[in-house]
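Below you'll find the structure, written out as C-alpha cells, and then a few comments.
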Amino acid sequence: QVRLVESGGGLVQAGGSLTLSCAASGRIYSSSVMAWFRQAPGKEREFVAALRWGAQTKYLSDSVKGRFTISRGNTPNAVSLQMNSLKPEDTAIYYCARSTDYSRQESGYDVWGQGTQVTVSS
C-alpha cells in the first residue's frame with residue numbers, strides 16, 4: 001500500500017504564498033488521481049484540487065480557482081499545490097489523497113496522508 005506524506009505547511013500572512021508537497025512512497029500510476037482536500041476547524045473536509053496523473057488534467061474548487069495550482073512535483077511520485085493570494089479562510093489542515101478515478105468526494109479516495117497545517121493570518 002502506498003503511503004503519502006505531506007510537507008510545506010506553515011504560517012503566512014494574507015496575500016502570501018505557500019507550496020505544499022505530497023510524496024508517495026511508491027509509484028503513482030498513470031491511472032491514478034491525486035488530490036488535495038482541506039479541513040478547517042469545525043468544518044467538514046472539502047475538495048480543493050485534483051490531478052489526473054497520466055493525462056495531467058486538473059480540477060480546482062471554485063473557492064481556489066485562479067489562486068491555487070496543482071501539478072506534478074519536482075521529484076518523481078510527488079504532487080504539489082501552489083497556493084497564492086492566500087486568505088484567512090484558507091486556514092485548514094491540508095490532506096493529500098489518491099484515487100483510481102476523479103471525485104470531489106473524500107469517500108472516493110483510498111489512501112490519505114496525515115495532513116499539514118496551513119494558517120493564514122489577517
Side-chain angles (χ1 to χ4, degrees):
Q1 177 83 329
V2 67
R3 291 178 61 242
L4 303 175
V5 179
E6 301 97 335
S7 61
L11 173 64
V12 64
Q13 289 188 331
S17 299
L18 278 176
T19 299
L20 305 184
S21 183
C22 171
S25 61
R27 178 184 172 187
I28 300 175
Y29 292 92
S30 60
S31 58
S32 297
V33 174
M34 301 300 295
W36 289 94
F37 285 75
R38 67 186 182 186
Q39 187 167 21
K43 295 188 176 181
E44 294 185 353
R45 195 174 298 187
E46 66 172 356
F47 171 82
V48 175
L51 173 68
R52 288 188 184 273
W53 200 250
Q56 298 197 49
T57 307
K58 302 175 183 182
Y59 306 89
L60 293 167
S61 69
D62 288 343
S63 62
V64 306
K65 202 169 290 183
R67 301 188 297 123
F68 291 12
T69 302
I70 187 171
S71 63
R72 292 193 181 192
N74 292 327
T75 57
N77 300 305
V79 58
S80 295
L81 184 70
Q82 173 68 43
M83 305 184 296
N84 298 324
S85 302
L86 283 161
K87 305 175 182 179
E89 51 263 44
D90 294 318
T91 295
I93 300 174
Y94 283 71
Y95 296 90
C96 176
R98 186 205 69 177
S99 177
T100 56
D101 200 3
Y102 170 61
S103 173
R104 294 191 174 217
Q105 305 300 318
E106 60 176 303
S107 59
Y109 293 80
D110 60 345
V111 181
W112 291 82
Q114 83 288 349
T116 186
Q117 177 71 47
V118 172
T119 303
V120 184
S121 63
S122 57

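Each residue takes its place number in the sequence, starting with 1.
- Remark: Q117 CD to L11 CG distance equals 9.5 Å, nearest 0.5 Å.
- Pairs engaging residues 48-88 under the ring-ring contact (aromatic ring centres under 6.0 Å, His included) rule: Y59-Y102 [sequence neighbours left out].
- Linking Ile, Leu, Val, Met, Phe, Trp and Tyr whenever their side-chain heavy atoms come within less than 4.5 Å leaves I93 and L4 in two separate clusters.
- Contact of the V120 side chain with the V118 side chain is registered, since non-hydrogen atoms from C-beta on lie closer than 4.5 Å.
- One hydrophobic cluster holds both M83 and V12 under the rule that ILVMFWY side chains link at heavy-atom gaps under 4.5 Å.
- The list of salt bridge (charged side-chain N to carboxylate O under 4.0 Å, His left out) pairs with a residue in residues 8-23, not counting sequence neighbours, is empty.
- The distance from the CG atom of L18 to the OH atom of Y94 is 9.0 Å, given to the nearest 0.5 Å.
- Here the side chains of R38 and V64 are in contact, with some heavy-atom distance below 4.5 Å.
- Between D101 and R52 the shortest side-chain heavy-atom distance falls below 4.5 Å.
- There is a side-chain donor-acceptor pair under 3.5 Å between T19 and Q82.
- For the residue pair S61 / S63, a side-chain donor-acceptor distance below 3.5 Å is found, with atom types taken as modelled.
- Taking the side chain as every heavy atom from C-beta outward, W36 and C96 approach each other to under 4.5 Å.
- Atoms OG and CE, from S80 and M34 in turn, are 10.5 Å apart once rounded to the nearest 0.5 Å.
- Sorted by first and then second residue, the salt bridge (charged side-chain N to carboxylate O under 4.0 Å, His left out) pairs with a member in residues 16-37 form an empty list; sequence neighbours excluded.
- The list of salt bridge (charged side-chain N to carboxylate O under 4.0 Å, His left out) pairs with a residue in residues 66-89, not counting sequence neighbours, reads R67-D90.
- A donor-acceptor contact shorter than 3.5 Å links the side chain of N77 to the backbone of I28.
- Across all their heavy atoms, S85 and S17 have their closest contact at N-OG, 4.3 Å.
- Rounding to the nearest 0.5 Å gives a distance of 10.0 Å between CD of E44 and CD of E46.
- Hydrophobic clustering (side-chain heavy atoms under 4.5 Å, transitive across Ile, Leu, Val, Met, Phe, Trp, Tyr) groups V48 together with L86.
- Across all non-hydrogen atoms, the minimal contact from V33 to A50 is CG1-CB, 4.0 Å.
- Pairs passing the salt bridge (charged side-chain N to carboxylate O under 4.0 Å, His left out) check and including a residue from residues 3-20, sequence neighbours excluded, do not occur.
- By the 4.5 Å heavy-atom criterion applied to side chains, S25 and Q1 are not counted as neighbours.
- The hydrophobic side chain of Y29 is isolated, with no ILVMFWY side chain under 4.5 Å apart from it.
- Follow the hydrophobic side-chain contacts under 4.5 Å out from W112 and you never reach V79; the two are in separate clusters.
- The distance from the SG atom of C22 to the CZ atom of R98 is 11.0 Å, given to the nearest 0.5 Å.
- E106 has its side chain out of reach of Y95: every pair of non-hydrogen atoms, C-beta onward, lies at least 4.5 Å apart.
- F37 and L51 sit in two unconnected hydrophobic clusters of ILVMFWY residues. Membership requires side-chain heavy atoms under 4.5 Å apart, directly or through other members.
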